[in-house]
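Read the structure below first, then the notes.
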Amino acid sequence: MSSRVIALVDCNNFYVSCERVFNPKLANRPVVVLSNNDGCAVARSNEVKALGVKMGTPWFKLKDLARQEGIVACSSNYALYADMSNRVMSILAQYSPFQEVYSIDECFLDLTGGPGGDLQQYGQDIRERVRQWTGLPVCVGIASTKTLAKLANHIAKKNPQFSGVCDLNAMTTEERENWFSRLEVGEVWGIGRRLAPKLAELGIHTVLELMRANSSMLRSRFSVMMEKTHRELNGMVCIEMEEISPPKKQIVSSRSFGVTVSDLQSLEESVSLYVARAAEKLRRQKSYTGSVMVFIHTSPFNPKVPYYGNSITVSLPTPTDDTMQIAKAAMWGLKRIYRAGFRYQKAGVMLSEIVPPCSVQTDLFAGRTDGRSKIVMGLLDGINRRLGPGTLHSARQGFAQPWRMKQEHKSPGYTTCWDELPEAVA
């Protein structure tokens with residue numbers, strides 16, 4: 001086995017747990033968090049899972065069960081979840097100089113050569129600190145590779161005897177193999193539901209059977225990534241830590257409308273909002289975009305009305321991260337694909353041809369506006385970070401926005417909006 005020590009720290013039922021931190025009445029109650037427009041369940045408490053509710057179940061199909069079992073529905077509160085995630089990741093960064101934030105609710109920590117002694121206790125210290133400072137429960141998986149750390153975290157989460165921390169490095173070979181013989185191969189990071197049936201055709205049903213499979217055969221039947229997964233399961237490091245996430249090559253921002261819209265103004269407001277969100281992400285990763293694609297479509301599931309969908313990609317004269325410049329190009333494209341007489345269900349934008357600032361070739365004939373643009377965008381982002389998303393925005397985004405997605409069960413912005421801070425009465 002490798003001498004590396006990798007920990008995977010994962011928040012338990014993250015969206016639901018965030019809701020429970022500020023609403024203790026939800027503790028031990030069945031809770032679901034719904035997708036955009038309160039469409040379907042994207043997060044479930046353990047109590048809901050015990051009722052047999054599957055991920056992605058539409059809310060309208062759950063309403064009878066909700067009345068019977070007292071299921072509480074919460075609309076997605078993305079600002080709250082993002083802020084709580086940042087708090088958790090800041091805490092975890094104190095436990096290792098090498099941190100890879102893998103998703104909104106989990107990250108890898110490289111503990112190699114770091115804390116000596118009992119890593120099981122070190123994992124418990126992490127859990128206690130996160131719980132005490134944020135109120136969120138986490139589990140910790142420790143192993144010699146990232147793939148094994150993922151499995152260790154799964155074991156810790158599903159088996160109460162580990163008290164939320166599983167250290168595979170501390171187990172004997174026999175103990176590890178005993179656990180891996182009980183785990184379905186679909187639990188392995190990167191395998192999932194798509195590849196598990198194909199492995200089953202080869203007689204590989206458990207993690208242990210995948211570990212013992214022939215590496216060359218797996219590579220020829222699947223890919224080099226499958227070979228890397230196999231080697232990682234056997235303790236050989238093939239997937240290194242990434243301290244900084246690589247910049248995205250495309251950034252998409254879109255939403256379904258709360259009510260269908262038919263007028264161009266509403267579409268312009270929504271597309272302007274989506275451009276603003278995408279451009280903010282673009283600046284956050286310190287990149288520029290060379291083109292913006294705009295798309296709109298009606299509902300593909302309503303046979304009673306005619307369907308219309310279209311998209312257009314608009315190239316920018318010079319790559320930019322300026323919201324106003326990108327929005328101007330998006331509005332030009334939107335007007336060319338818009339057709340009156342249709343009730344649109346969704347719109348969105350995608351930024352492509354993303355490059356770092358050092359790769360931008362300027363236009364000899366364009367005016368020099370980079371300095372002013374940086375100042376304006378810096379002020380825009382700074383104010384919205386301090387006072388909450390959307391505090392400062394262009395008038396083109398509108399104000400009433402009746403088309404915005406449905407959020408009938410949304411909790412307050414407990415940590416992101418001054419007007420919605422929780423109050424304590426002494």
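Bear in mind that the values here come from a model prediction, so they are computed numbers and not experimental data.
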**Asked** Taking the six-membered ring of W133 as reference, does the NZ or CZ atom of R131 fall below 6.0 Å from its centre and within a 45° cone about the axis?
**Response** no

**Request:** Might you work through the salt bridge (charged side-chain N to carboxylate O under 4.0 Å, His left out) test for E177 and R212, ending with a clear yes or no?
**Result:** CA-CA 10 Å; E177 291 184 350; R212 293 177 173 175; 3.1 Å; yes

**Prompt:** Are a donor atom and an acceptor atom from the side chains of T260 and R343 found within less than 3.5 Å of each other?
**Reply:** yes

**Asked** Taking C-beta and beyond as the side chain, do L218 and L199 meet within less than 4.5 Å on heavy atoms?
**Response** yes

**Asked** Just by distance, with hydrogens left out, do E174 and N178 show a side-chain donor and acceptor under 3.5 Å apart?
**Response** no

**Prompt:** Can you name the nearest heavy-atom pair linking A156 to F162, along with the distance?
**Reply:** CA-CB, 4.2 Å

**Message:** Hydrogens and angles aside, do D110 and S96 bring a side-chain donor and acceptor to less than 3.5 Å of each other?
**Reply:** no

**Message:** Could you check whether any side-chain heavy atom of T206 comes within less than 4.5 Å of a side-chain heavy atom of V185, counting everything from C-beta outward?
**Reply:** no

**Item:** Minimum side-chain heavy-atom gap L267-Y344 below 4.5 Å
**Value:** yes

**Message:** If you count heavy atoms of other groups shown closer than 6.0 angstrom to CZ of R284, is the number above 12?
**Reply:** yes

**Request:** Verify side chain to side chain contact (heavy atoms under 4.5 Å, CB included) between M324 and S394, making sure each step is shown before the conclusion.
**Result:** CA-CA 8 Å; M324 307 307 174; S394 70; 4.1 Å; yes

**Item:** Nearest non-hydrogen partners of I191 and A196, listed with the distance
**Value:** CG2-N, 3.9 Å

**Prompt:** Is it true that Y95 and Y122 have ring centroids separated by less than 6.0 Å?
**Reply:** yes

**Asked** Is any side-chain N of the basic residue among E240 and K146 closer than 4.0 Å to the acidic one's carboxylate O?
**Response** no

**Message:** salt bridge (charged side-chain N to carboxylate O under 4.0 Å, His left out), that's the test. Do E47 and R20 meet it? Break it down for me.
**Reply:** CA-CA 13 Å; E47 295 81 3; R20 284 175 165 171; 3.1 Å; yes

**Prompt:** Any side-chain donor-acceptor pair under 3.5 Å between D322 and T320?
**Reply:** no

**Asked** If only atom types and distance count, is the side chain of D118 paired as donor or acceptor with the main-chain N or O of Q120 below 3.5 Å?
**Response** yes

**Request:** Output, in order, the C-alpha distance, side-chain angles, deciding distance and verdict of side chain to side chain contact (heavy atoms under 4.5 Å, CB included) for V349 and S254.
**Result:** CA-CA 6 Å; V349 300; S254 68; over 6 Å; no

**Prompt:** Given side chains that start at C-beta, do those of S163 and Q124 come closer than 4.5 Å, heavy atoms only?
**Reply:** yes

**Prompt:** Minimum heavy-atom separation for K157 to C139, with atom names?
**Reply:** CA-SG, 3.8 Å

**Message:** If I compare all heavy atoms of E175 with all of M171, which pair ends up nearest, and what's the gap?
**Reply:** OE1-CA, 3.2 Å

**Request:** Determine, stepwise, if the pair E106 / V9 fulfils side chain to side chain contact (heavy atoms under 4.5 Å, CB included).
**Result:** CA-CA 5 Å; E106 58 184 325; V9 185; over 6 Å; no

**Message:** Is the shortest side-chain heavy-atom distance between P137 and C11 below 4.5 Å?
**Reply:** no

**Request:** Answer with yes or no whether the side chains of E269 and S266 bring together a donor and an acceptor at under 3.5 Å.
**Result:** no

**Asked** Is the closest side-chain donor-acceptor distance between E19 and Y414 under 3.5 Å?
**Response** no

**Request:** Could you tell me whether K228 and E232 have a side-chain N and a carboxylate O separated by less than 4.0 Å?
**Result:** no

**Prompt:** Would a 4.5 Å heavy-atom cut-off, applied to side chains only, mark L109 and F98 as touching?
**Reply:** no

**Prompt:** Does the side chain of N13 come under 3.5 Å of the side chain of Y15 through a donor N or O and an acceptor N or O?
**Reply:** no

**Prompt:** Of the non-hydrogen atoms in L183 and L151, which two are nearest, and what is the gap between them?
**Reply:** CD1-CD2, 4.0 Å

**Request:** Verify whether one side chain among T323 and R283 offers a donor that lies under 3.5 Å from an acceptor in the other.
**Result:** yes

**Asked** Do you know which two heavy atoms are closest between I296 and A347, and how far apart they sit?
**Response** CG2-CB, 3.8 Å

**Request:** Using a 4.5 Å cut-off on heavy atoms from C-beta on, say whether the side chain of L119 contacts that of V5.
**Result:** yes

**Item:** N/O donor-acceptor pair under 3.5 Å between R127 side chain and V138 backbone
**Value:** yes

**Message:** Using modelled atom types and a 3.5 Å cut-off, is there a donor and acceptor pairing between side-chain atoms of S75 and backbone atoms of D38?
**Reply:** no

**Complete:** Residues pairing under side-chain hydrogen bond (donor to acceptor under 3.5 Å, both in side chains) where one sits in residues 50-64, two or more places apart or in two chains, turn out to be D64-R67

**Prompt:** Do I142 and C166 have side chains that get closer than 4.5 Å, going by heavy atoms?
**Reply:** no

**Prompt:** So, R193 and E184, do they make that salt bridge, N to O below 4.0 Å?
**Reply:** no

**Request:** Before accepting this row, confirm whether a basic side-chain N of the pair R129/D125 lies closer than 4.0 Å to the acidic partner's carboxylate O.
**Result:** no

